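Working notes, beginning with the structure itself.
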Amino acid sequence: MLVTDLPFEIISLIIGYLSTKDRNQCSIVCQAWKLPSTEALWKQLNIRSKKQIRGLSSIQQSLPVQTLCLHPFLSINPQQLFWIQNHFPKLRSVCISPEALHPDCLDTTLADWTLWRSLTKLELCTDNLRVPKETILYTLSALSSLTSLSWIQSTDGTSSPPFGWKDLEALHTNLPRLVTLYLKARMDQLSAEQIQLISRSQSFSPARCLTCMTWEVNTLEPHWLIYWAYKYPNICSLQWLTIDHDTKFDSGTEIITLPETLPSSFQKLGNLTLEGVFYTHRPQHALFLLLHRSNVHLKSIQCSIYINQRGSQKIPSILNDIMQSSSSLQSLKLNIHGDVDDPNLLPSLFKTCPRLLVLSIRGMRMHLSLDRILDKCVSLESLYINVSRLHVEATAPAHSIQAIVLTAGFLNSSELTFLSKRCTELKTLGLVDLILRTDEATSHGQALSLDLSSLHLRTLCVKRVMFYKSNVGTDRPKLQRLALVLPQTSILNNDERPQRIPHCERSKSDLQDQKEYVKVQCGSVRRLLL
């Protein structure tokens with residue numbers, strides 16, 4: 001069968017993998033390739049300069065651009081916007097960077113946004129434009145087909161007034177098909193009386209189409225959590241990003257009484273992300289309390305924990321909240337900011353997580369007992385640890401984990417050997433930015449012997465690992481530097497694809513300065529590149 005006999009969609013898919021130069025060449029091969037090559041060539045367009053806009057304005061025919069990105073500081077005027085709208089009739093996605101548009105473009109009397117009524121995705125940054133949000137909301141009402149909206153406003157309080165619940169109601173009324181919403185704004189206050197008024201209003205209707213929501217705010221009143229529960233009953237993924245310098249969570253009594261009218265709130269919520277700087281745990285606790293009362297079983301949690309100077313008193317409370325979903329959790333990522341000197345503190349707060357498959361713990365000033373974590377997570381498949389000091393016990397039961405990546409910490413070579421003997425089914429092992437301490441039993445002159453013969457690894461990654469001899473006294477230990485990488489092609493069974501681990505750039509200076517030899521004994525590793 002000839003290539004020209006393939007369906008148009010298949011040819012377009014194939015050409016989509018080519019470079020821009022190759023797409024240009026394909027467009028002049030034959031008539032059958034011209035249209036799919038042209039569409040693939042113009043599928044995505046980035047306008048980076050005013051000179052590029054002037055060059056495009058000389059083109060008379062319409063272009064099959066589907067994704068358009070307007071870079072910052074273009075200051076496109078209404079006439080130029082009108083040309084873009086008319087010459088890109090197939091647009092489905094538009095990204096408008098800061099100050100890419102002149103403020104007049106958001107005035108519906110000067111610009112016709114109904115020409116973009118077929119848009120399904122819009123990323124809009126109105127920071128520093130000093131355009132009233134009412135004007136922007138009216139402009140967005142022309143885009144009734146939008147299913148994904150990202151709206152970034154100023155959060156410093158100088159460029160625009162705060163975003164209130166009536167603004168959200170207008171947004172969802174004008175855009176009823178929204179599935180994904182990302183909103184960065186300075187939120188207005190919301191009282192208990194307003195919540196009751198909203199719940200009793202005949203005109204209030206939930207945004208049932210919305211399933212993914214991201215809020216990036218600098219402050220949040222506690223009653224906004226209740227508003228979310230009323231407004232978004234079908235939410236599946238929630239990301240809450242904040243720096244709550246002035247969040248008013250003085251008491252949890254209001255949060256405790258109001259959710260009783262919400263028996264089925266957040267029933268479909270599976271993924272929860274709480275990131276940013278939380279100076280108090282009460283906002284997070286209020287949300288977890290709401291989820292617990294609705295009997296919500298989360299599958300994925302990503303959370304930042306900030307520890308004050310008084311010690312680790314905040315870790316127990318938030319871990320108790322997270323562990324309410326221990327029976328259903330499949331993925332857990334913890335970013336701990338602060339000092340944790342007790343390696344058993346975090347593992348002691350873990351409940352048994354029978355379904356947890358992926359665990360990531362990051363704490364640059366944290367000690368962690370790895371064995372106790374493995375004891376609580378019996379079904380764990382992938383583990384990513386980035387802490388200052390790891391502790392591994394000599395005697396521990398076997399574990400079926402398949403991938404471990406250890407970064408930026410201290411580890412004794414004997415502890416690594418113990419870990420390899422416990423996790424005999426390990427397929428992927430990553431050692432990145434580690435300080436590995438050796439002793440006489442594992443060092444032979446200037447060479448280090450790591451006994452990993454009990455493993456059958458598919459992928460072994462050793463990058464920027466610094467080896468110290470622990471038997472040296474008060475003087476600085478002699479340093480050996482290596483950057484060893486086992487490529488994905490170096491596996492015993494070529495029919496099996498190795499598991500991927502996060503890629504780290506290899507430093508050329510590290511490779512050129514290597515003068516010491518490190519001996520790695522591993523039964524399934526046949527090739528090692530320096």
Side-chain angles (χ1 to χ4, degrees), residues 162-165 168 183 185-199 206 213-233 235-308 313-326 328-329 332-337 349:
F163 206 82
W165 70 272
L168 268 179
L183 181 63
R186 184 169 62 95
M187 305 305 294
D188 200 358
Q189 295 184 2
L190 194 63
S191 63
E193 291 76 14
Q194 289 175 316
I195 287 293
Q196 294 180 0
L197 179 63
I198 292 172
S199 61
M213 181 174 65
T214 301
W215 289 71
E216 186 173 352
V217 294
N218 64 334
T219 181
L220 196 68
E221 290 290 331
H223 296 97
W224 276 107
L225 303 177
I226 312 303
Y227 176 84
W228 293 352
Y230 277 112
K231 189 66 179 178
Y232 308 115
I235 197 76
C236 297
S237 177
L238 171 61
Q239 295 185 12
W240 179 3
L241 318 176
T242 187
I243 302 177
D244 63 336
H245 293 288
D246 52 350
T247 303
K248 298 177 176 58
F249 276 81
D250 299 327
S251 173
T253 55
E254 293 174 316
I255 297 297
I256 292 174
T257 55
L258 285 176
E260 294 180 359
T261 60
L262 301 171
S264 60
S265 58
F266 299 117
Q267 286 299 300
K268 296 184 179 180
L269 184 63
N271 303 321
L272 176 64
T273 299
L274 300 174
E275 289 289 351
V277 183
F278 288 86
Y279 292 103
T280 172
H281 171 52
R282 276 172 283 185
Q284 298 164 308
H285 176 68
L287 178 59
F288 278 111
L289 180 62
L290 202 61
L291 298 177
H292 180 61
R293 290 197 167 188
S294 300
N295 197 25
V296 176
H297 300 287
L298 296 173
K299 294 182 179 180
S300 175
I301 297 179
Q302 179 176 336
C303 184
S304 290
I305 303 175
Y306 286 82
I307 302 173
N308 52 31
Q313 298 299 322
K314 190 180 294 187
I315 288 187
S317 58
I318 188 169
L319 255 296
N320 289 334
D321 292 334
I322 293 175
M323 286 300 136
Q324 291 175 0
S325 301
S326 60
S328 59
L329 268 182
L332 176 60
K333 182 177 180 180
L334 299 176
N335 296 322
I336 300 177
H337 305 267
L349 300 171

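A quick note: this is a predicted structure, and the numbers were derived from the prediction, not measured. Note: hydrogens, waters and symmetry copies are ignored here, and every other heavy atom, side chains too, is used.
Here the side chain of Gln267 pairs no donor or acceptor atom with the backbone of Pro233 at under 3.5 angstrom.
For the residue pair Asn335 and His337, the shortest heavy atom distance occurs at O-CD2, 3.5 Å. Leu332 and Met323 make their closest contact through CD2-CE, 4.2 Å (heavy atoms, listed as atom of the first residue, atom of the second, distance). Residues His285 and Asp321 come closest through the heavy atom pair ND1-OD2, 3.1 Å. Counting all heavy atoms, side chain and backbone alike, Ala185 lies closest to Phe163 at CB-CB, 4.0 Å. When all heavy atoms are compared, the tightest approach of Gln189 to Gln194 is O-OE1, 3.7 Å. Contact between Met187 and Trp215 at its shortest, heavy atoms only, is CE-CZ3, 3.0 Å.
By the 4.5 Å heavy-atom criterion applied to side chains, Ile195 and Tyr230 are counted as neighbours. Contact of the Ile226 side chain with the Leu290 side chain is registered, since non-hydrogen atoms from C-beta on lie closer than 4.5 Å.
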Let me see the working for Asn320 and Phe288 under side-chain contact (heavy atoms from CB on, under 4.5 Å), right down to the final yes or no. CA-CA 10 Å; Asn320 289 334; Phe288 278 111; over 6 Å; no
Using the rule given for side-chain contact (heavy atoms from CB on, under 4.5 Å), can you reason through Leu238 versus Leu287, listing the C-alpha separation, both sets of side-chain angles and the distance that settles it, and then say yes or no? CA-CA 11 Å; Leu238 171 61; Leu287 178 59; 4.2 Å; yes
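With sequence neighbours left out, Asn271 forms a side-chain hydrogen bond (donor to acceptor under 3.5 Å, both in side chains) with no residue at all.
Atom CD in Glu216 sits 11.0 Å away from atom CD in Glu275 (nearest 0.5 Å). The CG atom of Leu291 sits 7.5 Å away from the OG atom of Ser325 when rounded to the nearest 0.5 Å. Here CG of Leu190 is found 10.0 Å from CG of Leu168. Values are rounded to the nearest 0.5 Å. Of the inter-residue distances, the one linking Ile322 atom CD1 with Leu329 atom CG reads 8.0 Å to the nearest 0.5 angstrom. From Trp165, atom CH2 reaches atom CG of Asp188 across 11.5 Å, with rounding to the nearest 0.5 Å. Rounded to the nearest 0.5 angstrom, Leu269 CG and Ser237 OG are separated by 7.5 Å.
The aromatic rings of Tyr227 and Tyr232 lie perpendicular to each other, with more than 60° between the two planes, well past the 30° mark.
For Trp228 and Trp240, the gap between ring centers is short of 6.0 Å.
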